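Worth saying up front: this structure is predicted, and the values here are computed from it rather than measured. Start at 1 and go down the list; that is how both ligands and their atoms are numbered. All residue numbers refer to positions in the sequence shown, counting from 1.
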Amino acid sequence: MHETTGLSAAYREQLASAGLTPLWEHLSGALPHGRPAGLTRANHWRYRDIRPLLLQAGEQVPVEKAERRVLVLSDPGRGPTAMQATGGIYAGIQLILPGETAPTHRHSPSAARVVIEGNGGFTVVNGQRCEMERGDVILTPSGQWHDHGHHGAGPFTWLDVLDLPVFTAVEASYAEAATPGCNVEDALASLQSRLLRDGLSVPAALRRPNPYPMLRFPWQRTRAALLDLARHAPAGAPIEVAYVNPETGESCLPIMGFTAMLLPAGRTLSPMQRSPGAVFHVIEGSGETTVDGKPFSWSAGDTFTAPAFADLAHRAEIHGGPGFLLRIDDEPLHRKLGFFQERKFA
Ligand code: GTQ
C-alpha cells in the first residue's frame with residue numbers, strides 16, 4: 001500500500017527527477033505482512049458455458065488467421081483482458097475443427113494441453129507425433145516446435161496451460177514462426193519415447209538428445225494408477241500422482257507442476273495450504289470445491305483457480321464414481337526459488 005509520510009513537495013520532486021522513490025512508503029506493499037497478498041481472485045469456468053462460445057469462434061475466426069483459436073481464462077482479479085488465470089499460470093480453451101492445422105511455431109514459455117473433448121486430434125512436438133485422447137496431458141516444452149491437427153470428426157477441444165506470466169514478468173516471452181522442415185515427423189524420436197516407457201534405450205548413435213523424454217501422459221494409465229493407489233494406500237492418504245520426467249524423477253516441466261488426484265465419492269478432502277497458486281481441471285466426475293470459503297460446483301471439463309495459500313476443501317458427489325482432478329501449479333518454480341511451503345494457517 002502507498003503511504004504518505006509528510007515529505008515536502010520539493011523533496012518529492014527531487015527524488016522523482018533523480019529516478020528514486022522512498023522505500024518506507026511502499027515497504028508493506030512490496031513485502032506484505034504474514035502472507036502474500038496477490039491479485040488472483042478464485043474463479044470457476046464451466047465447460048458448458050465456454051463450449052458454445054468457442055464453437056462460435058470456430059464459425060467466425062479461421063485458424064490460419066487466429067494462429068491459435070483460444071478463449072483465455074482471464075483472472076477477474078486482473079481485469080477483463082488478463083492473459084493469466086493465476087499469478088503464474090496462463091490458461092485457455094482451444095478449439096480445432098476437422099481438417100484444420102494450427103500452424104507450427106515455438107515460444108519461450110512451456111505449454112501443456114489437457115484434452116477435453118473429441119477424437120482424432122494430434123500435436124507434433126519437435127517431430128514427435130502425440131495422439132490426443134480425453135484427459136491426456138501433452139507437453140510442448142520451452143523452445144520446441146509444435147503444431148496441432150485434427151483428422152477426426154466434430155470439434156476437438158483442450159485446456160492449454162502455459163508458464164507465460166512468469167516469462168512476461170522476467171521479460172523473456174517471445175515466439176518464432178516455422179522454418180522449412182522444422183517439425184517434420186521423426187518416427188525414430190517417437191519410437192525412442194515409446195521404448196523408454198518400457199525401460200528400453202536405443203543405441204547412443206541413434207539417440208535424439210531430449211531433456212523432455214516424455215511428452216504424452218495418457219489419461220487411461222494415470223486413471224488406472226490412481227485406482228490402484230486408492231486400493232492399496234493406507235486410509236486417509238492422499239490419492240494423487242505427480243507427472244514427472246521418467247529419467248530424472250523431477251517435475252515434467254521446469255516451472256509448472258502437474259498432479260492428478262482421485263477424490264473418493266462423498267468424502268471431503270482438506271489439503272494443506274500451499275504457497276503456489278493453482279489451476280484445477282476436472283477430468284471426470286462432479287462435486288464441489290470451496291476455495292477460501294467460496295463454493296464451486298464442478299463437473300467434467302470445468303476449470304477453477306485457487307490463489308496462493310488458499311484454504312481448500314474438495315468433495316466428489318456421494319452418488320456416482322470418484323472425482324478426478326488435475327492440479328496445475330507453480331510448485332517446481334517455488335522449489336527453485338527456495339520457497340515452496342505447505343502449511344495450515346490458524
Ligand atoms: O497451442 O501453441 O493457448 O502458443 C497460447 C499460446 C496455445 C499453442 C495458447 C500458444 C498456444
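No salt bridge links R335 with E250; every basic N to acidic carboxylate O contact stays at or beyond 4.0 Å.
Interface atoms of ligand 1 facing H105, defined by a heavy-atom separation under 4.0 Å, are 2 (O), 4 (O), 8 (C). Atoms of ligand 1 lying under 4.0 Å from at least one heavy atom of H107, given by number and element, are 2 (O), 4 (O), 10 (C). Each of the atoms 3 (O) of ligand 1 lies under 4.0 Å from some heavy atom of V70. Under a 4.0 Å criterion applied to the non-hydrogen atoms of H148, ligand 1 contributes the atoms 1 (O), 2 (O), 8 (C).
The backbone N or O of F309 sits less than 3.5 Å from a side-chain atom of R35, completing a donor-acceptor pair.
At the top of the distance list for atom 7 (C) of ligand 1, counting protein heavy atoms only, stands D160 OD2, 3.3 Å. Nearest protein neighbour of atom 6 (C) of ligand 1, counting heavy atoms only, is L162 CD2, 4.1 Å. Nearest protein heavy-atom neighbour of atom 8 (C) of ligand 1: R68 NE, 2.9 Å. The protein non-hydrogen atom at the shortest distance from atom 5 (C) of ligand 1 is Y90 OH, 3.4 Å.
In this structure the side chain of L253 reaches within 4.5 angstrom of the side chain of F258, judged on heavy atoms.
Between F280 and H314, the ring center distance clears the sub-6.0 Å criterion. In this structure, W219 has its ring center under 6.0 Å from that of F324.
Few gaps surround CG on D147; more than 12 heavy atoms of other groups in view lie less than 6.0 Å from it.
Residue contacts with ligand 1 leave out E67, since none of its heavy atoms falls under 4.0 Å from the ligand.
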